[in-house]
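Small disclaimer: the values here were computed from a predicted structure and weren't measured. These values consider heavy atoms only, across backbone and side chains, with no hydrogens, waters or symmetry-generated copies. By convention in this document, chain letters (A, B, ...) are assigned in the order of the sequence lines, proteins followed by strands, and residues within each chain are numbered from 1.
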Amino acid sequence: MTALPETAPPRMAALRRRLAGGTNSQWFPYLLVLPLVLVLYGYVVHPMFATFSESVSENGTRNYLQFFTSSGVARESLFTSLFISAASVLLCGIVGVTMAFLLKRFSFRGRRLIEAIILVPAALPPLIGAVSFQLLYSNIGIVPRGLQALFGTERPIMAFDGIAGVLVVHTFTMYPFFYLAAAAALAGMDPSVEEAAYNLGAGRVRVWRTVLLPMLTPAMVSASLLVFMTSLASYTAPLLFNVSQTMTMQIYINRTNGDLPMASAYASVLGIVSIIFLLAMRWYEGRRSYQSQSKGISANRRELTNPIGRWLAPVASVLATMVLLAPVATIALVAFSENRTWTTQVLPETYTLDNFVTIFSDPKAFEPILNSLQMSLLAAVGCVVIGVLVAYAVRRLKFIGRGLLDVAVMIAWALPGTVVAINLISAFSTGNAFSFGQVLIGTFWILPLAYFVRFLPIVFRSSSAALALIDPSLEEAARNLGASWLRAFYTITVRLMLPGVLAGALLAFVHGVGEFVASVLIYTSSTVPISVAINNRMYSFELGTAAAYGMLQVALIFVVMWFSGRLESSRTATRRAEQWTN
Amino acid sequence: MIDVRLTAVSKRFDKSSDAAAVDEVTVTIGAGEFFTLLGPSGCGKTTTLRMVAGFYFPTSGQIHFGDDDVTHWSPNKRDTGMVFQNYALFPHMTVAQNVAYGLRVRRVSRTERDRRVSEALAQVHLSGYGARRIDALSGGQQQRVALARALVIRPRTLLLDEPLSNLDAKLREETRTEIRRIQRESGNTAIYVTHDQAEAMAMSDRIAVMQSGKVQQVGSPQEIYYRPTNAFVARFIGRSNVLSLPVVGAGENRVEVRLSSGATIEVGAATGHGLTEGDTALVSARPEHITLAGGDEESALRGRVTHVEFTGMATNLTVDCDGTEVMAAVIDAPATINVGDLVGLRLVRERLWVVKP
Amino acid sequence: MIDVRLTAVSKRFDKSSDAAAVDEVTVTIGAGEFFTLLGPSGCGKTTTLRMVAGFYFPTSGQIHFGDDDVTHWSPNKRDTGMVFQNYALFPHMTVAQNVAYGLRVRRVSRTERDRRVSEALAQVHLSGYGARRIDALSGGQQQRVALARALVIRPRTLLLDEPLSNLDAKLREETRTEIRRIQRESGNTAIYVTHDQAEAMAMSDRIAVMQSGKVQQVGSPQEIYYRPTNAFVARFIGRSNVLSLPVVGAGENRVEVRLSSGATIEVGAATGHGLTEGDTALVSARPEHITLAGGDEESALRGRVTHVEFTGMATNLTVDCDGTEVMAAVIDAPATINVGDLVGLRLVRERLWVVKP
Amino acid sequence: GCGGSDDADTGSSGTPTAEKFVIYSARDKSVTDYVVEQFTTKNPEYKGKVEVLNMGAQEVLERVRAEKANPQASVWWGGTQQGLAAGASEDLLESWQPSFAAKMDARYKDEQGRWFGEILLPEIIMYNNKALTPQTAPQDWDDLIDPKWKDKIIIRDVAASGTMRSIYSSMIQRLSPDGSNPQPGYEWLLKLDANTVEYAANPADLYLKMSREQGVVSAWNLQDVLLQANEGMPFDYIMPASGAPVLVDGVAAVKGGNTAAAQKFLEFLFDDSLRATLAKDYFQIPAVEIGEKPEWLANLNLKPMDVDWDVIGKNETAWITHWNAEIKDKG
Ligand SMILES: Nc1ncnc2c1ncn2[C@@H]1O[C@H](COP(=O)(O)OP(=O)(O)OP(=O)(O)O)[C@@H](O)[C@H]1O
Ligand SMILES: Nc1ncnc2c1ncn2[C@@H]1O[C@H](COP(=O)(O)OP(=O)(O)OP(=O)(O)O)[C@@H](O)[C@H]1O
Ligand SMILES: [Mg+2]
Ligand SMILES: [Mg+2]
């Protein structure tokens, strides 16, 4: 036993007694989160305060008063942004959860394929991805023009414009947040709870409404936070669909105008709104418990016949696939069309391989791809390590400042990428305490670090949602059997969180590969990420070449997703889904 | 009237293996009957119950509710109320919300619902716990919530999977009276799984004894106790001596066997026992049906006492009769009996019964 | 030698409310002792056990293991093996992996580990189930895995929270013998929670009876059964009549009370019972300590039989004695006793005991 | 910056052991690739030592601004007059006097030698030559606000584009030479907004929408129109009758960078034959006259509008902010 040696001097003994608690001691949570708090403080919180003080530097609170005057752009932008964000959450929620339901609860031909491509929209390359939406759904898009040609109308039909267009893009690119979270939660849920509801006479819809969805709350909260904040910080979509009265557009415009304080005011408001939303969600989630209280482990085998599902699910899924793949298909069309020949036609008339030839004939063509892969992978690993730890600390440990830590992690997500990048540059262009005296700007490490800071919230959130469903007594059992905290943590807790963690890591990786706004400010010539390569082609209006690059990126992410799908023992998943359909 | 009928129901979890969790079970449960499934751990009780509830589909066989073939109905159409062995409470709801769930689904009005919920909570001695979160309850309290949730909807068929296993004796007795009362009043059918034989005996109209997925015997508690079909049932329900004795004569409902002393006795047997002279019959004799015999009695087993245990009302003896250990629970045993004594044991003839191996 | 000591341990889940789940519990458990916590559902047994294991910290009070104050030690330092009431099995591991977990942590060599795992599985009758997934086990099988997982590491202190609640009588008896054997062999301490009084009586060296978070009595099974401190303990452990009788004389360890017939009898009482002439004493009399009295006996209770139940060895009578219902379990009751008969009941003097309210 | 001083003394010696240097460029990648290749051929000691990062003009400013404490770049190549001026006023740029400065018109360079105009960007009217002919296209700025062009005009979103900011500011300044009364300009822009069918997010978006005929007329810079037309896009331009505002696009050496190399590179950039090639192949109008003009340049009857860039410099932010808040999408 760990009895203290009697020879220990009294003061040593006192200290050792205090530390004897080990992970039980009240210091443990602080020790665990201390490094993280430093990182977050240095790169997120401190810059955030700097931003705030910048916003009040010149004329005090006057910048903020603009948000309260009825005619101001500021207020309108705030409302528009809030509206877009709320609507995006709703739409993404509906699409994501429905897809999770169809794919995880039914088995049908082609389900695996859809599962593999389901995240492709999230992998759409920046700029070219947005362009593909325009080419599809806007006034000049294939669909409206096709319909116009079909019905011979004067104007394009069903063209998405303005806020509607933004919402389409948001729904497409962000529903994976919901899909992944819901899918992971569905897999981790105690099935007998659902059975109990059926047994009490509830129909499928009712069970969803009253049991499954509430039980998915942690996942929904996590996804809602991510989508809400992404929408709030979304830039390209409003830009392309001409919704200039949004917060991010105003930040950009004010920066270009050189009105840095006003831009900072916008950024601060963005942060404040995000914090309020985060706190509201935390409160909502915290009211209930979601951990299974069942005794033992119930079989994951439930068998329900459902003739409607058997037909509906495949049909719905085929439709979904078409819609999902449309933007990618559009990029493909562009990639195979000759630069600048596709103008007023509904579809391009001439096709060519030139764009790919152009890329492949460049000896350095693969460099951006490899760079992006490498840096995103590094960042994803970092996100997993830190994100999981923080999620654990915030959910399971009691310490002062728990809520603040939660807020700090998420703030990085709410800030526009440009702001994060600029914060990083100022933090690392000289050696200081937070960078351990290292100058990172101009080195390889700055980009992975940026991705890490930006995408940590994804992993953190999804891990935290996964953790909410896990019965803490499992970890207790491991501790009781003699496992140290660390061992219990990685052999039990992390292992059970894995679906959620993997989902988050995948998203973080995918986002890393596509990241542009921050990358463009900190990349170096040896670390050109793929997004910057695409962007360069875009600016010289070599759409086809850019699209060809985009296709490479999509293909690459597809491969990664396919592999990670295998990793997560898709065999059991399939079996499970089969049992549901029976 | 027949309420629930299982016809040759089997369930194989693993298509490749040939062990079935439930194997060709055929039982018929009358309306209003209190029917118990009894059997050792892992014998297929829960699996059977889950097929009745609709969570598993039989690999083969049919399930009827009255005249309806419900084999493939979805669970929510069946109007069964199940207490899950693992409780399966809704963790995101309070105690009262859990109990009220089934009533909500049934669109019971608010006032009526509140009334019934608090009534149900009172029945399981949890009044005042309505607003608690499930994770702030003790194990036994959770089990009672699960019970209240199933009872409150007064389902056509109650399915109770060890609903009292985590309760103390006092509470258990009260609750079991309560369950029985509710079931009788509503006239509904109940299928009950328990591992407590006394409970099964006390509560049930009929009992099905299962082993390795197969039903060994179905009958009233008395039938099962006094006329077990086979050695397993005889031994599983209470304690029993199963003696191998040579058959010297056989009738339709009786068999004549010879004891080691040479005396022959007639023993009851089920119709169609199929034994003839020369066979060896297995005869079940419960300890309390064995008494001490006078030294000169002919039809007695003789042996040496190997163990004596005084339990108050009766004295438990273990006697070695020619290598067979025989247990006897003797009332009014002389205080002088000691280990090593030679005793004679008389079998209470009317209570002996021939069982299958 | 003292192994586990709880000193005024309290646990309040809700700081605002004044109800404590565990309330000033002080018990001392010797090394190698088999100690049982007994009490109604929700009385704080699990909470106490969890504080010993280190999952809850006492709101106040200390816990010592030997000379070490372990109140704030982390669970993995305590070398306790716990069977959780809800099993807490690792869903992502097979049966064998679950059982092996504690051994792996202890760096037991592979061969040794395999040996001990299969031994432990055999002890709980699950040989051959090693490769199964946990969710492919029945409830009772899961419980046995949980038990094996705790037993296999031979911990210094075994903490068993209703480890047999989902097993059938046969298996339960076998497993309980096994647990006792393992515990005796290793000489380690066990704290056992059960709701089965017979089990508690049969297994325990000492029992603590709890109610609403408070320990009511600690003692050997005999003490608790024959000399309960208060009416609650008397009624909770087995069945008991608690009669209110006027005190006519008091000694240090005895009290003289008057029966309704006018006769006085001497009843045993704990030292410091504090009763004096004129008080009313509560006297606990178990049904089996009440026999039928001859019609002329003086020191007898008289009443009319309201209920007769023949249970084989004994006949349970309920008799209404001047408004007090008295239960008696009479051996050799004349077959002629019927409801409505007037009977006399004799109390077995040596077994009566004065209890606190 | 500490990094800069190290580089300075090694670089100034001009030995073959040259230090590497970084260029932030808002120029097209094809241009930068070509120029750098020429540069290293001529200065072999710099082979493999020149790094070019291509990005938007705004990003160059953001980056240089953020890296002030430890500059990473040595050359800022390509940026509007306004952007460079902002950089200069924030003390981000090195002040020096290159050999070509003397030949340069004072309008096209910073007084203190912190930046120098490299090329001139006339802002003209652009149209889709499949939908319109040179005759049917609008001939002057004021034609753009004619209701007949309603929903025919596409504008690259103004606030984020140097080109567009210049054009819009010029339009205001045109109607109020001292900039004191922007109201007539605002009204003019309101009418233009009424005719504008859509604002394009970026140049690519503008080209896409123009070529797909969501609109057929725009205001844009000459070089890009010619480049795109040369690549086969259906674009052509009209030199506005009342003149084209001429923007200056310039270069600078970043303060604290590898100054020696930066100066060497910038000197090379003003090499006559190089500029002739760039003028010919990339439609650049050099800020310093070159000897042999390519045909298109010779035929270009550039008619500069008389724009007071100082007035614009003072008011641009206020005007564009006003436009953004009060005019955009309100006409
Ligand atoms: N996490 C909690 N929060 C609030 N109250 C709790 C919590 N856990 C238990 N309780 C309450 O504390 C009391 C004691 O609970 P405990 O689990 O110790 O009971 P128990 O004796 O183990 O009962 P059982 O035999 O039913 O398992 C109960 O009334 C219970 O409702
Ligand atoms: N999902 C499953 N997959 C595979 N085998 C299973 C599954 N569920 C149960 N079994 C096996 O089927 C058999 C019957 O299980 P069942 O749960 O019906 O037992 P039970 O009679 O309820 O036992 P207990 O009293 O222990 O709860 C057991 O041997 C069990 O291991
Ligand atoms: Mg079971
Ligand atoms: Mg408990």
- Message: If you define the side chain from C-beta out and look only at heavy atoms, does anything of A:Val193 sit under 4.5 Å from B:Phe84?
- Response: no

- Query: At a heavy-atom separation under 4.5 Å, does A:Thr217 approach chain B through its side chain, its backbone, both, or neither?
  - Reply: neither

- Message: Would you say NZ of B:Lys214 has more than 12 non-hydrogen atoms from neighbouring residues, nucleotides or ligands within 6.0 angstrom?
- Response: no

- Query: chain A heavy atoms under 4.5 Å from B:Arg149: which part of the residue, side chain, backbone, both or neither?
  - Reply: both

- Message: Does A:Leu200 form a side chain to side chain contact (heavy atoms under 4.5 Å, CB included) with B:Phe90? I'd like the steps, not just the answer.
- Response: CA-CA 12 Å; A:Leu200 291 168; B:Phe90 305 126; 4.2 Å; yes

- Query: Distance-only, no hydrogens or angles: does the B:Arg78 side chain make a donor-acceptor pair with backbone N or O of A:Gly201 under 3.5 Å?
  - Reply: no

- Message: Is it the case that the side chain of B:Asn76 and the backbone of A:Asn199 share a donor-acceptor pair, with hydrogens and angles ignored and the cut-off at 3.5 Å?
- Response: no

- Heavy-atom check, side chain of A:Arg288 versus side chain of B:Met93, under 4.5 Å: no

- Item | Considering all heavy atoms, the nearest B:Tyr101-A:Ala202 contact | OH-CB, 3.6 Å

- Note on the structure: Heavy-atom nearest pair, B:His92 first then A:Thr210, reads NE2-O, 3.0 Å

- Message: Can you tell me if B:Arg104 has over 12 outside heavy atoms packed within less than 6.0 Å of its CZ?
- Response: no

- Task: Give the member of B:Leu89, B:Thr80, B:Leu103 that has the highest number of heavy-atom pairs under 4.5 Å with chain A.
- Result: B:Thr80

- When the 4.5 angstrom heavy-atom criterion is applied to B:Ile153 and chain A, the contacting part is side chain

- Message: For A:Gly286 versus B:Arg133, what's the shortest heavy-atom pair and its separation?
- Response: O-NH1, 4.0 Å

- Task: For the residue pair A:Ser289 and B:Ile134, establish whether any side-chain heavy-atom pair is separated by less than 4.5 Å.
- Result: no

- Side chain / backbone / both / neither for B:Asp135 at chain A, heavy atoms under 4.5 Å: both

- Pairwise distance OG(A:Ser192) to CE(B:Met82) - rounded to 0.5 angstrom: 9.5 Å

- Looking at A:Ala196, A:Gly203, A:Pro214, which has the largest count of heavy-atom pairs under 4.5 Å with chain B? A:Ala196

- Please indicate whether A:Arg287 has more than 12 foreign heavy atoms, meaning atoms of other residues, nucleotides or ligands, lying under 6.0 Å from its CZ. yes

